[in-house]
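A quick write-up on the structure given underneath.
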There are 2 protein chains.
Amino acid sequence: MQKSLSVYDSDGSTFAPLVVIELVSETKEEAIAWLLNRVRDKQQDGGDGDGFLSMAECQYIIKHELDNLRAKDEAHVPGYPKMKLYPGKSVIRRMQSKGILVQVFPLHEKEELKRLSFSWFKKIKLSFQPLDDIRHYFGEGMALYFGFLEYFTLALIPMALIGIPYYLFDWEDYDKFTVFAGFNLVWCTVILELWKRLSASLAYGWGTLSRKKAFEEPRPGFHGVLGVNPVTGRAEPLYSNAKRQLRIYLVSVPFVLLCLYLSLYVMMIYFDMEGWALMIHDEEPTFWTGLLLFIPSIIYAVVIEIMNLIYRYAAEFLTGWENHRLESTFQNHLVLKVLVFNFFNCFASLFYIAFVMQDMVLLRQSLATLLITSQILNQIMEAFLPYWLQRRRNKKAHKRMIKTMEDKELPLSEQVKLEADMSTYLGTFDDYLELFLLFGYVSLFSCVYPLAAVLVVLNNVTEVYSDAFKMCKVFKRPFSEPAANIGVWQLAFEAMSVIAVVTNCALIGMSPQVKSYFPESETQLIMWVVGFEHFLLASKFILTFVIPDVPKHIQIKLSRLEFESLEALKKRHQKEPVYKRLTYRV
Amino acid sequence: MQKSLSVYDSDGSTFAPLVVIELVSETKEEAIAWLLNRVRDKQQDGGDGDGFLSMAECQYIIKHELDNLRAKDEAHVPGYPKMKLYPGKSVIRRMQSKGILVQVFPLHEKEELKRLSFSWFKKIKLSFQPLDDIRHYFGEGMALYFGFLEYFTLALIPMALIGIPYYLFDWEDYDKFTVFAGFNLVWCTVILELWKRLSASLAYGWGTLSRKKAFEEPRPGFHGVLGVNPVTGRAEPLYSNAKRQLRIYLVSVPFVLLCLYLSLYVMMIYFDMEGWALMIHDEEPTFWTGLLLFIPSIIYAVVIEIMNLIYRYAAEFLTGWENHRLESTFQNHLVLKVLVFNFFNCFASLFYIAFVMQDMVLLRQSLATLLITSQILNQIMEAFLPYWLQRRRNKKAHKRMIKTMEDKELPLSEQVKLEADMSTYLGTFDDYLELFLLFGYVSLFSCVYPLAAVLVVLNNVTEVYSDAFKMCKVFKRPFSEPAANIGVWQLAFEAMSVIAVVTNCALIGMSPQVKSYFPESETQLIMWVVGFEHFLLASKFILTFVIPDVPKHIQIKLSRLEFESLEALKKRHQKEPVYKRLTYRV
């Protein structure tokens, strides 16, 4: 059994408990008493901010305060002489890294959650998601993810609508796909630009748009020789950048390259299997051998998913080992590693089929199988598996306290125990990654398989529900994270849309329709296609510059805010003599 | 004759006069008295900032205060019932646009100027420019221009050093230019990235790096129906954006296209002349007809310069007529118009020769003639012509007061009169434009004429001297402008370097050396070159991301500053209760 202690609980239960700190069962009493004291020190003269802050914001503040609980003159955690501390070291992080603090997590709020669930995924009605409520409960980062998911789905609808007649009437007419490729080109540039504006509007409404980043503390896993941080002047572990670069370039990069090579090797096996299935079908063309044609693609899709999963863990381990000081740099390096591999792993075979084999029938078949298989696998892995695991775990608990989980009020201690056992949500990374790959399937090659957009729309609709369900029912409540935009993912999606321009131009150039315009000279055809592609890329970059990232009316509001605060500052300083004013400049 | 009044002059001459306001001769006395009063109102309790601010900063502050001298309840300028005013209207701007205020300009400071001139261009010694002194006297904008000019010259030296042996030994060996083209590629990407870092270092030293832009007032020429500015809430002319867009797309864009067409037409005439000269030379190959071969290029170069000049005025007129509210948008639209035309006008013929005619001998000859002719013309237009004009004007003044301009102390009134007659420096626009075109000549095609870098280095060295000379001796002292970087020009140079990647790759692909690797299939050659080019472009963008724009040690200093100010704020607010803290958030 584990002891649980909630920040406010010790004062009596009139407060709504917000955050849980879980310590291991055999924690020494003196360590607990010391930690409690230190936490209470922070509480000082708090004041009452009821209703002013959203619950997510309150929990974020508590997390921030806990993370900033720093050792003063304690040399070690009381009761644990080996858990060294030094002035300025974050207490929670040390206890966490040494394993006596199991986890810190915010509690669900039953009433709010019920209301949110109802308006979000329980009523069966065609409507937008309650983004403001999601933001209120889960914070801006999560709300932006769901906002993006919804936007992406809506943006796909025109493509899906165009795709259906294409699929129904022009199935074998490869010539027609140039129009569709042209549409793809414009579409993927425009929707990303518009998303930036929408995201700015959302973030403005939530007050995070012009948010300044606070000074970033070292991430929990960061270690090094104790030194002085040049920015804060505080004692802090330091780790030489040269060593980190060595680790990155001598270990991580070769590892990623090796994985890419492996992925290439698996791809070649897939092509062998493909050829072998085709051979059998050619020898004996029955319904069953016709079905056999799809088997290699399905197996390959499953293998791709498994490789992605294994690589994901390896990348996380490696990036941790690179020992980045900041969580943000860690995330960037992780995202880069994972993106490169997943992109290669998922799309290499399609590129090979499209541009080396130039086999449009196989491309269509392969794309369809990959897309459908990966969607099915993802839905299983993402929502049903954790839910099933949790259900199995809960069954045991269920036997002990029958029906307490239902509508009746659960005692706080039981709620804490229940939620402590739930899986931890690891952030929006995997959800964005999935959208990124879907965006790739749709934008890179969908002109040869116009139904892709329809499939992705269907997937996204169920994704909204399953993601909402898993956030509310399957996972521990995550700490909210203020966010002004979707960060590095905007960049990733934009990079994908640049690649999409290249592939679509190449597909257009390869279409018999376009080839017929240049019956004599293939060179001239290529020159025209390349010229056209350069023109499109240039227009794309110009468009990115020309469309303002923040809508006009929000720009005006922002500059009004800034103007007013400047004017207020001027008034305040008006009567002070100059020499005093000057001291404020430093 | 004109009356002159200097801001501080009326108190007696113990102050060093900084800025001159020149009114037309027949200005009514009551208007003068009113303006003087209004200026003095601003002077309030000023305090003493001697030595703390550079002279350029003092003049900038005076200019800012003058620009912000706003009408209160005056309905018109006293004495001029037709010069309407309304509360909040800038007085100086109205008087300037109505023509009773001729100009406002800062005065030169003889002693400082002498010292600066000496260390800058009078001593003949190989050394860096005194950028800090230039910044002190002329402000950051000007200092950054000279910093960039110097940096660009130094960056060209390795290229010039490689170019000389190429020129001497491989003059006719076209195969060798692939290595040089490859060098070009890397060079133009790297130097622009490094400049960003250098510029950040300079701006950090001058305190302008993290400078916030103040709210921008409408530019003097802006007109419209009186309304309320949504940001400031002040009365201000408003002009509908839709009308402006109509003017841009229905008039300006067609005009620019027409000019481009005209430029193309002139280019075709040049090629006709070229063919005609070649014909004569072929018929009768003497020394004189050999010389004739260069005549078309020289005439074309002169015509290009004249067209650029005329277009420059037209673009300024059109952009003014588009009626942009802000000086910065005006500048951006002007820069865009001028850049597009100048780029086309200067380089279209080279592109045509290189990629349509594929005549490397003509390309080399044409490039050399264009480059040399335009350099000579520019030096004449830029420094010698204004200097000569000024000398001629001064001769008359000279006769009246012999030798007063020499070392003896000039009376203030004479100095003001002399400087008021000097030409006005119109900003760094034309200087940057010249560098931009030189950068184009060097980066786009210099692999076929390796001596180009040498010529540009020589040109830049004289440019430093002639620019320094014209700033100190020929022009009125300009108002200083704080700047953190070279602004839109960084973008322009980067765009040029992207185009350079494309042209250099194409030149490599066209070289016989590379062609010999693909003896059978031209298609394959093109595919490889295109693939290589895409790879280079991608690396270029990745490099731009990877190289931080601000050097590490300055990043640390900046975040230290921010951290300390945050900590100071925390301490100040620590004892205040929460509800009071919250009111600060708005």
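In what follows, chains are A, B, ... by sequence order, proteins preceding strands, each numbered from 1.
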Correct closest heavy-atom pair for B:Pro482 and B:Thr208 would be CB-CG2, 4.3 Å
Carefully, step by step, assess A:His324 and A:Asn332 under the rule side chain to side chain contact (heavy atoms under 4.5 Å, CB included).
-> CA-CA 10 Å; A:His324 295 278; A:Asn332 286 346; over 6 Å; no
Which atom of B:Ala354 lies closest to which atom of B:Met510, heavy atoms considered = O-CE, 3.1 Å
Here the pair of heavy atoms bringing A:Trp489 nearest to A:Leu339 is CZ3-CD2, 3.8 Å
Is any side-chain heavy atom of A:Tyr60 less than 4.5 Å from a side-chain heavy atom of A:Glu140?
-> no
Are more than 12 heavy atoms from other residues, nucleotides or ligands located less than 6.0 Å from atom CE of B:Met527?
-> no
Taking atom NZ of A:Lys515 as the centre, does the number of heavy atoms from other residues, nucleotides or ligands within less than 6.0 Å exceed 12?
-> yes
Where along residues 529-540 of chain A does a heavy atom come under 4.5 Å of chain B, listed by residue number?
-> A:Val530, A:Glu533, A:His534
To the nearest 0.5 angstrom, please state how far the CZ atom of A:Phe545 sits from the CG atom of B:Leu336.
-> 11.5 Å
Taking all heavy atoms of B:Glu322 and all of B:Tyr239, pick out the closest pair and write down the distance.
-> O-CE2, 4.3 Å
Look at A:Leu558, A:Leu525, A:Asn229, A:Ile556 and state which one has the largest set of heavy-atom pairs under 4.5 Å with chain B.
-> A:Ile556
With a 4.5 Å heavy-atom cut-off, do B:Phe343 and B:Leu444 have their side chains touching?
-> yes
Checking heavy-atom separations under 4.5 Å from chain A, one finds in residues 492-508 of chain B B:Val502
Between B:Arg560, B:Glu564, B:Glu567, B:Glu562, which residue shows the highest count of heavy-atom pairs closer than 4.5 Å to chain A?
-> B:Arg560
